[in-house]
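Below: one structure, written as structure tokens.
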Amino acid sequence: MHSFHYSNGSLHCEGVSIADLAEKHGTPLYVYSSETFRDRYTRLDDAFSAIDHEVAYAVKANSNLSVLRLLAGLGSGFDIVSGGELFRVLKAGGDPGKCTFAGVGKTREEIEYALREGIYSINVESEEEAAFISQVAGELNLVAPIAFRVNPNVDAKTHKYISTGKSENKFGIDFEFIADAYERASKLPNLNLKGLQMHIGSQLTSVSPFVEAVEKVAPLAADLKEKYGIEFFSIGGGIGIVYEEALASGSESWWINQPEETRPLTPEQYAAAIIPTLEPLGLKILLEPGRFIAGNAGILVSKCLYEKKGTTKTFKIVDSGMHQLIRPALYEGFHEIVPVTESAGAVESVDVVGPICESGDFFCQNRQVSSFMPGELIALMSAGAYGMVMASTYNSHPLPAEILVEGEQAKVVRKRQTLQDLVEAEEV
Ligand code: LLP
């Protein structure tokens with residue numbers, strides 16, 4: 001469920017009209033719902049209340065400072081992947097003692113920064129990295145808390161670009177080598193073997209790959225606890241969200257009416273399927289959700305500029321594109337497109353495309369959408385995760401503004417870039 005809905009024929013985020021926001025702040029515009037962020041965090045947290053656990057929100061999904069502040073206020077920890085993300089978490093008032101630092105290519109500067117700030121754990125992706133972290137920690141007279149990321153070689157059955165838990169992926173240490181990696185790391189002077197981590201992929205819509213991975217790795221976690229006294233097991237993120245009927249899925253009745261076999265994965269199902277294997281470990285279980293918390297909490301609002309009818313297609317040309325929401329171009333991602341003013345029901349088959357000089361610059365191709373005309377506003381649903389964070393200024397388009405709604409209030413949490421901002425760091 002989420003907090004985007006039509007009210008009197010006009011799309012709203014909580015109590016705020018999207019058309020009013022577009023009028024006041026212009027388009028393209030990202031709009032987020034505080035209520036949805038809160039609801040998603042709380043539901044997942046509650047689903048695991050039977051065991052010792054912590055939600056470490058994956059900052060990469062949406063790293064706006066106000067979003068991080070909101071989640072920090074709920075007690076969230078953070079899964080970060082760069083010094084930049086750590087900087088954001090600290091700026092937002094997050095606790096570094098609740099942060100895990102992942103990623104295959106951490107630099108010396110980033111490792112020093114994380115250690116100095118007292119990070120909870122660095123999640124290490126190779127033995128070379130472990131040796132380097134021990135050396136850096138030694139130079140700082142510190143002991144580095146680490147976990148290895150294990151690659152369990154489990155098929156997440158998701159798009160190949162967001163599948164991470166197979167041995168052909170660059171992530172983690174192969175299951176076959178992981179016990180030796182711990183053994184060797186236990187002899188390094190400045191490491192504290194604190195946990196074990198895995199993450200098999202993103203946008204998983206069925207629970208079975210999670211179950212397979214947890215069942216495969218749990219005995220290893222138990223073994224590492226006994227040998228080295230590790231205290232946590234992070235099972236990563238990856239819970240999928242609804243993209244296809246995103247707007248309808250905001251209401252409880254939609255969920256109730258979904259046939260059992262097609263019902264999207266819920267946090268309760270996810271928890272029920274894996275807690276029986278996790279509980280006997282007696283370890284703290286870390287969760288690293290990004291998309292599940294942020295995805296349905298945001299939309300991208302865009303204005304239709306032109307309609308172009310070709311011999312085979314109708315193109316709706318809008319003022320946003322792949323530079324501001326790259327998921328359709330990069331992962332064949334589906335984002336539902338709805339008119340901001342509810343239409344009378346006419347639908348047409350169109351390509352919705354942006355202004356960028358690339359044929360990959362589309363939001364949909366040959367899709368039946370509710371009709372909209374030049375001058376009208378549309379919303380791209382489920383754009384709260386991996387939307388603005390992946391935006392670029394390609395073709396020198398300034399970045400859009402971001403709005404965070406709370407009830408009847410709307411706050412600009414990121415100003416729209418200006419043309420001057422685009423060239424600020426450059427010299428002639
Ligand atoms: N933990 C680790 C180690 C990760 O690599 C990721 C995502 C997460 C947690 C969070 O995964 P989530 O819960 O959001 O699925 N840009 C792509 C998604 C890339 C995900 C990368 N890693 C997209 O738009 O689909």
Side-chain angles (χ1 to χ4, degrees), residues 37 40-41 43-44 54-63 67 71 76-82 85 99-106 120-126 129 147-152 154 156-166 169-173 195-207 209-210 213 217 232-243 246 264-265 267 270 285-298 300 322 324-335 363 380-392:
F37 274 109
R40 291 294 168 102
Y41 174 87
R43 258 187 84 183
L44 187 60
E54 195 160 286
V55 176
Y57 167 69
V59 172
K60 62 172 83 68
N62 185 323
S63 58
V67 167
L71 292 168
S76 185
F78 297 96
D79 173 53
I80 59 164
V81 290
S82 68
E85 286 191 351
C99 281
T100 52
F101 186 6
V104 293
K106 303 173 193 83
Y120 177 66
S121 173
I122 302 186
N123 295 342
V124 179
E125 305 232 11
S126 65
E129 187 192 336
F148 277 112
R149 174 170 177 173
V150 60
N151 183 329
V154 166
K157 301 192 175 69
T158 183
H159 191 276
K160 65 176 182 200
Y161 285 3
I162 50 176
S163 178
T164 54
K166 291 278 285 170
N169 301 126
K170 70 176 175 182
F171 298 102
I173 294 182
L196 172 68
Q197 196 268 351
M198 70 174 177
H199 171 77
I200 59 171
S202 205
Q203 183 56 15
L204 273 70
T205 50
S206 114
V207 80
F210 288 122
V217 176
F232 78 88
F233 175 25
S234 173
I235 58 171
I239 311 172
I241 60 163
V242 178
Y243 279 107
L265 183 59
Y270 172 68
I285 301 303
L286 258 56
L287 310 162
E288 302 168 3
R291 190 189 320 262
F292 177 75
I293 289 180
N296 294 132
L300 172 59
M322 68 183 295
Q324 291 161 356
L325 180 62
I326 202 172
R327 302 198 65 264
L330 197 53
Y331 318 104
E332 301 164 307
F334 182 103
H335 287 267
F363 286 139
L380 289 126
M381 302 302 297
S382 312
Y386 307 112
M388 184 64 172
V389 285
M390 296 182 79
S392 76

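FYI, the numbering just counts along the sequence from 1. Note that ligands are numbered from 1 as they come in the structure, with each ligand's atoms numbered from 1 the same way. As the structure is a prediction and not an experimental result, all values here were calculated from the model.
- If you check the side chains of His159 and Gln203, you find no donor sitting under 3.5 Å from an acceptor.
- The nearest protein atom to atom 19 (C) of ligand 1, hydrogens excluded, is given as Ile162 CG2, 3.8 Å; this is a heavy-atom distance.
- Polar contact with ligand 1: present for Arg291 (N/O pair, distance under 3.5 Å).
- Phe232 and Tyr120 have tilted rings, their planes meeting at an angle from 30° to 60° on a 0 to 90° scale.
- Looking only at heavy atoms of the protein, atom 24 (O) of ligand 1 is closest to Arg327 NE, 2.6 Å.
- In terms of protein heavy-atom proximity, atom 4 (C) of ligand 1 is nearest to Lys60 NZ, 3.2 Å.
- Heavy atoms of Ala61 stay at 4.0 angstrom or farther from ligand 1.
- Between Lys60 and Glu85 no salt bridge is recorded (no basic side-chain N to carboxylate O distance below 4.0 Å).
- Ring centers of His335 and Tyr243: under 6.0 Å apart, within the cut-off.
- Between the side chains of Arg149 and His199, not a single donor N or O lies within less than 3.5 Å of an accepting N or O.
- On a distance-only criterion, Gly236 and ligand 1 share no N/O pair closer than 3.5 Å.
- Ligand 1 has at least one atom lying under 4.0 Å from a heavy atom of Tyr331.
- By the 3.5 Å distance cut-off applied to N or O atoms, Ala58 is not counted among the residues near ligand 1.
- In this structure, the protein non-hydrogen atom closest to atom 8 (C) of ligand 1 is His199 CE1, 3.4 Å.
- The N/O atoms of Tyr386, backbone and side chain alike, include one that comes under 3.5 Å of an N/O atom in ligand 1.
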**Report entry** Tyr270/Phe210 under ring-ring contact (aromatic ring centres under 6.0 Å, His included): CA gap, chis, key distance, verdict
**Finding:** CA-CA 8 Å; Tyr270 172 68; Phe210 288 122; 4.8 Å; yes

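- For the 3.5 Å distance criterion, the side chains of Gln197 and Thr100 fail to qualify, holding no donor opposite an acceptor.
- The protein atom (non-hydrogen) at minimum distance from atom 9 (C) of ligand 1 is Glu288 O, 3.2 Å.
- Here the protein heavy atom with the shortest distance to atom 15 (O) of ligand 1 is Ser202 OG, 2.3 Å.
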